[in-house]
Structure formats: C-alpha cells, structure tokens
Amino acid sequence: MKNWFTVKHWNSDTFVISEWRHWEETHCYLLLGKERALLIDTGLGIGDLRAQVEQLTDLPVLVVSTHVHWDHIGGHRQFGMHGVHPLEQNWLQGHFPLPLAIVKQQLMKDFTPPEGSNLQDYDLFQGSPSLLLQDGDLIELGGRQVTVLHTPGHSPGHLCFWEADRGSLYSGDLIYCGTLYANYPSTDPQAFLQSLEKVTALPIRQILPGHHDLQLSAGLAVQMRDGLRTLRAAGKLCHGSGLHSFEGWSILL
Ligand SMILES: [Zn+2]
Ligand SMILES: [Zn+2]
C-alpha cells in the first residue's frame, strides 16, 4: 500500500494527489489557503489519503465532492467535514442508484488490488454531509477563493470548482481525456452539453480533471462542447446512441 498515491506539486499552494496505479487514474486536488485547505474529491478509498494530506498541510481541511461516485468519495470516511450538492445528498444515505455489485465490478476491472488492501469488503461511503453546496457558493480559504458551479449531466449534482483569479477549472467528470460517461440512467446527455456551455463561457486558462492525463489544453472544453453540439444537431445526444469518438476523447451515451 506504500506509494499508492502519487503527489504532484502543481504550484506553490496546490497539490494533485493521483491514483495512477488504478485504471481509472483518479485525481484529488489539495488547495492551500492561508486559513484552510480544500480537498476536491477523495479518490477510490484504497490508500490512506488522510495520512497523505497530513504530510502536505496542517491546515484544517474541508472536503468537497465533484459528485457522489465511488471513485470520488472513497476517502471521505477519513475526514470530518465534507460538502456535496443537495441532489446527491441521498446517494450518501442509502439511495445510491447503482448496486454495489456494479461498483465493485467497475473497481476490480483490469485491476489487481495492492497487497494489504481488502477490497472484498469494499463498501460505498455513506454519511451525512456537513455542508450542502449550491451553484455560485464561494468557498473562502483565506486569500484564495473557489466558486462552486453546478454542472449536471454526468450526474445530477455534479459540481465543478472554479478559481477565477487563476482561470483554473477543477472539472471532475465533466471534462477529461478518455471516455466520458453519460449512459447511466442517472446521467443526462442534454444537461451535459448545457454544463459545457456554462463552463466555456468562463475565461478558462487551465483544466484540472478528475481522471487521466493532467496536461490538458484549456481548449478541450470548447472542443467537447462543439462535439456535443454536433451530436445534438444529428439527434444523437440521447441515451442509447452509443460511443462517439472525437480527437483524444469520446463519450458514451
Ligand atoms: Zn463519475
Ligand atoms: Zn470519475
């Protein structure tokens, strides 16, 4: 379990904590302000994320979730305060829309668990959020502010986090290189496009995604928006239309 996480010192006060050893290649982001730290997502819940975070900061940590999928909330149980959008609050309280067997299947696909992990007992994190996050909320870290953006589509309560001063978009599962998922019943392909319309109205200088490659072009958001506009025009922006491939990314509907 040693070295489960890879830490990248992104800039002086931001760290990326990644799980490159799992096929999902998840990323959590630790943003340090002067008064507190913000941890965006907690990954799969395989390694000891809290110990990792404590090596990086002694500030109090607020955990926020881009959305309530297993690969973004796995480490929540190791922390105290955590925030989520109200539309996914009940997913943390017994109403997650996918059976645990499917979650485990996804988790274990093409993956040999590291020695010392006990994934047979893997369970979806459940608990009461200490904070409900709404579109437009400002999270103050002390000399550093992050705005909450409600960006549904991949999931109903999906959030991106926007650091306007730096033009940084923490995009969760709305934007990344690889296959995007809008095929589960709880997804909404039309809302996915509306969310891309919303974020592309912002002056994005860098995109920090929830999965895979970290070196994204800031223009990827516009490419995805335009790709989904094309699908909509062709009447294919709907469940069941299949996998649509573009340059460097695809979307499963
Ligand atoms: Zn997801
Ligand atoms: Zn994800």
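The figures that follow rest on heavy atoms only: side chains count, while hydrogens, waters and symmetry mates do not. We count ligands from 1, going down the list as the structure has it; atoms in each ligand are counted the same way.
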**Complete:** What lies under 2.8 Å from the Zn ion (ligand 1), restricted to protein N/O/S atoms, is His67 NE2, His69 ND1, His154 NE2, Asp173 OD2
**Request:** Starting from the Zn ion (ligand 2), look over the N/O/S atoms of His211 and name the nearest one.
**Result:** NE2
**Item:** Between Gln78 and Thr42: side-chain donor-acceptor atoms closer than 3.5 Å
**Value:** no
**Message:** Between Arg77 and Asp123, does any side-chain N to carboxylate O distance fall below 4.0 Å?
**Reply:** no
**Asked** Given the side-chain rings of His72 and His211, with only the six-membered ring counted for Trp, is the space between their centroids under 6.0 Å?
**Response** yes
**Asked** Do Ser128 and Gln93 have side-chain atoms, one donor and one acceptor, less than 3.5 Å apart?
**Response** yes
**Item:** is_close_aromatic(His69, Tyr181), centroid dist under 6.0 Å
**Value:** no
**Item:** side chain to side chain contact (heavy atoms under 4.5 Å, CB included) evaluation trace for Trp249 with His244
**Value:** CA-CA 9 Å; Trp249 63 280; His244 306 278; over 6 Å; no
